[in-house]
Number of protein chains: 2
Amino acid sequence: MSIISDSAPLSDLSVVKSVSLTSALEKELERLILTGELEPGVRINEIHLSNRFGTSRGPIREATRSLEAKGLVEVVRNRGVFVRRLSVEDAVEIYDVRAALFGQAGRLLAERMTDGLLAELTRMVDEMDAVAERGSFDDYYPLNLGFHNLIVGSCGNRTLQAEYHRFVNKLHLFRARALVQGGGLAVSNREHRAMLEALASGDGDRAQMTHWRHVALAKRRLIAAVDGPARHD
Amino acid sequence: MSIISDSAPLSDLSVVKSVSLTSALEKELERLILTGELEPGVRINEIHLSNRFGTSRGPIREATRSLEAKGLVEVVRNRGVFVRRLSVEDAVEIYDVRAALFGQAGRLLAERMTDGLLAELTRMVDEMDAVAERGSFDDYYPLNLGFHNLIVGSCGNRTLQAEYHRFVNKLHLFRARALVQGGGLAVSNREHRAMLEALASGDGDRAQMTHWRHVALAKRRLIAAVDGPARHD
DNA sequence: CGACGCGCATCTGTTGACAGTTTTCATTCT
DNA sequence: AGAATGAAAACTGTCAACAGATGCGCGTCG
């Protein structure tokens with residue numbers, strides 16, 4: 001079976017002339033990987049892809065080399081490129097990096113906080129509390145994501161923001177991916193409130209600590225979920 | 001790994017068959033950029049490079065796309081690829097990221113510290129003190145680099161280590177590069193001693209704080225050097 | 001004398017083809 | 001039946017060539 005069906009709906013790569021074919025392909029491949037349409041571990045066949053997108057192999061190879069540098073795929077000489085597969089250890093390592101970056105974002109944000117932003121963040125936490133009470137995880141998840149993105153996106157450091165998102169994205173390659181979102185909703189939101197207070201106080205040290213701890217605790221919940229109830233090796 | 005690869009005679013790339021031509025080219029290009037042989041802002045001519053290395057343009061394009069994803073070069077459609085040039089603001093942003101990562105490394109290391117490692121780190125700081133007293137910056141710099149590398153390399157998190165080095169490398173693209181190493185040697189080494197004490201105590205919070213602060217203060221020294229004495233824009 | 005426009009040289013974007021390697025699979029031998 | 005073997009298929013690595021875009025220089029015109 002081909003890894004990518006040749007009849008699949010071709011998302012509009014034909015419109016492209018202002019931007020290079022390579023970067024359009026890269027975006028599309030990244031999308032396929034992050035949404036799970038290309039599952040971790042599978043090989044990416046250059047010929048199939050070039051047929052599917054109607055291009056030659058050159059731009060596809062360039063796109064995959066870029067994705068390799070971003071850590072989304074792995075290139076093995078004479079064998080091909082494979083969607084990267086993250087081990088539990090990899091995921092845990094990423095959590096540490098993410099905690100460090102998120103903590104720094106919290107610090108920076110605390111030092112440039114505005115009333116409007118604080119109100120918006122508070123509103124989001126309130127809404128998450130309401131949703132958490134109903135136990136609706138599917139509703140909670142996007143709110144939670146938006147909350148974190150708003151913090152990192154408002155910290156004023158574009159480099160930090162880009163890096164943070166890169167690592168969050170990488171967690172999609174973790175096969176037991178459902179676990180990264182597991183853990184108590186109410187507990188997590190209580191941590192959010194601690195973060196809010198620190199941000200409101202304008203205390204950089206405190207904000208960094210609460211933000212760091214939030215991710216560190218999420219890491220703990222992940223570890224507990226992994227080697228606790230069921231075997232996921 | 002040292003920032004500057006000291007394997008000089010790589011002029012002939014034909015030795016390699018076990019590794020792809022692309023990755024060999026990428027390593028060589030990265031070396032040229034980090035050593036400054038290819039200065040920030042200059043355009044990379046694909047034809048010249050392919051002549052120089054005796055290959056076709058394909059592998060070179062793949063290598064540059066990889067370097068683009070790593071943030072070392074910038075690709076402008078139909079214009080070519082340029083060695084990335086870092087503004088002061090970029091450099092400052094990188095310092096924040098670096099501080100976050102280094103602080104996390106300190107925390108991790110404090111929780112897995114060994115006597116042998118502590119002795120080695122202490123020896124390094126002592127040596128730096130001796131060199132700093134002589135005011136010999138050229139001797140101080142490699143010691144300082146080795147000290148930081150040993151900490152990050154011993155923290156047990158390969159992802160964090162790789163990321164930290166990537167950002168330290170990126171600072172080479174800052175045009176006023178000499179400034180990133182400026183600042184008082186003795187002052188900096190006093191911060192090293194505070195880090196050592198925290199590491200020895202095994203207190204993760206404290207280690208993270210001291211390590212974070214060390215880079216944060218270096219950032220301050222950079223800012224002071226930039227918009228203080230002379231104009232560097 | 002300066003500004004505009006045209007044509008040429010240079011370079012990048014992309015393609016199709018060839019060479020070498022890995023994988024597959026049918027066949028043979030034990 | 002199972003392992004070993006060898007040829008063919010499939011795929012990646014690399015290259016050379018073509019097409020389109022950009023920038024430069026020259027000539028012309030106001």
Side-chain angles (χ1 to χ4, degrees), chain A residues 1-6 10-29 32-33 38-39 41-69 72-85, chain B residues 10-29 32-33 38-39 41-69 72-85:
Chain A
M1 182 195 87
S2 79
I3 285 157
I4 296 175
S5 89
D6 293 336
L10 170 72
S11 49
D12 59 5
L13 289 171
S14 46
V15 201
V16 190
K17 262 304 179 286
S18 62
V19 76
S20 81
L21 187 52
T22 296
S23 66
L25 281 169
E26 182 187 339
K27 276 205 187 68
E28 178 64 6
L29 281 178
L32 289 175
I33 291 173
L38 286 173
E39 291 181 13
V42 305
R43 186 171 123 257
I44 293 178
N45 187 314
E46 295 178 358
I47 297 180
H48 288 170
L49 277 183
S50 56
N51 287 340
R52 169 169 180 182
F53 293 124
T55 72
S56 68
R57 286 170 47 220
I60 287 178
R61 285 178 65 86
E62 291 177 15
T64 54
R65 287 316 181 283
S66 187
L67 291 177
E68 183 196 19
L72 291 182
V73 302
E74 204 167 351
V75 175
V76 182
R77 182 179 161 91
N78 286 328
R79 299 267 325 269
V81 325
F82 301 81
V83 178
R84 182 116 183 252
R85 180 183 299 208
Chain B
L10 195 54
S11 54
D12 190 21
L13 291 170
S14 59
V15 200
V16 269
K17 262 303 181 284
S18 62
V19 76
S20 81
L21 187 52
T22 296
S23 66
L25 280 169
E26 182 187 340
K27 277 205 185 69
E28 178 64 6
L29 281 178
L32 290 175
I33 292 173
L38 286 173
E39 292 180 12
V42 305
R43 185 169 126 260
I44 293 179
N45 186 315
E46 295 178 358
I47 297 180
H48 288 169
L49 277 183
S50 56
N51 288 339
R52 171 169 179 180
F53 294 124
T55 72
S56 70
R57 286 169 47 218
I60 287 179
R61 284 178 65 85
E62 291 177 15
T64 53
R65 288 316 181 282
S66 186
L67 291 177
E68 183 196 19
L72 292 183
V73 302
E74 205 166 351
V75 176
V76 182
R77 181 179 162 93
N78 288 327
R79 297 272 323 273
V81 326
F82 301 80
V83 178
R84 181 119 183 248
R85 181 184 301 209

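Side chains are part of it too, since the values below use all heavy atoms of this structure and drop only hydrogens, waters and symmetry mates. Nothing here was measured: the structure is a model prediction, and the numbers come from that model. In the text below, chain A, chain B and the rest are named by the order of the sequence lines, each starting its count at 1.
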Out of D/dG13, D/dT14, C/dT14, minimum distance to the side chain of B/Pro59 belongs to D/dT14

Any side-chain heavy atom of B/Arg79 sitting closer than 4.5 Å to one from B/Phe82?
yes

Counting side-chain heavy atoms from CB outward, which of C/dT15, C/dC11, D/dT22 is closest to A/Thr55?
C/dT15

Gap between atom CG of A/Leu29 and atom CG of A/Leu49 - 0.5 Å precision
5.5 Å

How close or far is atom P of C/dT14 from atom CD of A/Glu46, stated in whole angstroms?
16 Å

Round to a whole Å and report the spacing from CZ of B/Arg57 to P of D/dT14.
16 Å

For a quick check of understanding: with a heavy-atom distance under 4.0 Å over all strands, which category does B/Ile44 fall into, base, sugar-phosphate or nothing?
sugar-phosphate

Calculate the interatomic distance between B/Asn78 atom CG and C/dT12 atom P; express it in whole Å.
10 Å

Can you tell me the distance, in whole Å, between the CD atom of B/Glu68 and the C1' atom of C/dT12?
14 Å

Would you give the length of the straight line joining atom CZ of A/Arg61 to atom OG of A/Ser56, rounded to the nearest 0.5 angstrom?
11.0 Å

Contact between A/Glu39 and A/Val83 at the side-chain level, heavy atoms closer than 4.5 Å - yes or no?
no

Report which part of the nucleic acid B/Gly58 touches: base, sugar-phosphate, or nothing (heavy-atom distance under 4.0 Å, all strands).
nothing

Would you mind telling me which of D/dT12, C/dC11, C/dT15 lies closest to the side-chain atoms of A/Arg61?
D/dT12

Shortest non-hydrogen contact from A/Ser50 to A/Arg57?
OG-CG, 4.0 Å

Closest to the side chain of A/Arg43, out of D/dT12, D/dG13, C/dT14, is D/dT12

Among the nucleotides D/dG13, C/dC11, D/dC11, which one has an atom lying closest to any side-chain atom of B/Asn45?
C/dC11

Specify the separation, in whole Å, of atom CG of B/Asn51 and atom C1' of C/dT10.
13 Å

Rounding to a whole Å, what distance do you find between A/Arg79:CZ and C/dT22:P?
9 Å

Quick one: A/Glu26 CD to C/dT14 P, roughly how many Å, whole number?
13 Å

Separation of C/dT12 atom P from A/Glu62 atom CD, nearest Å, is 12 Å

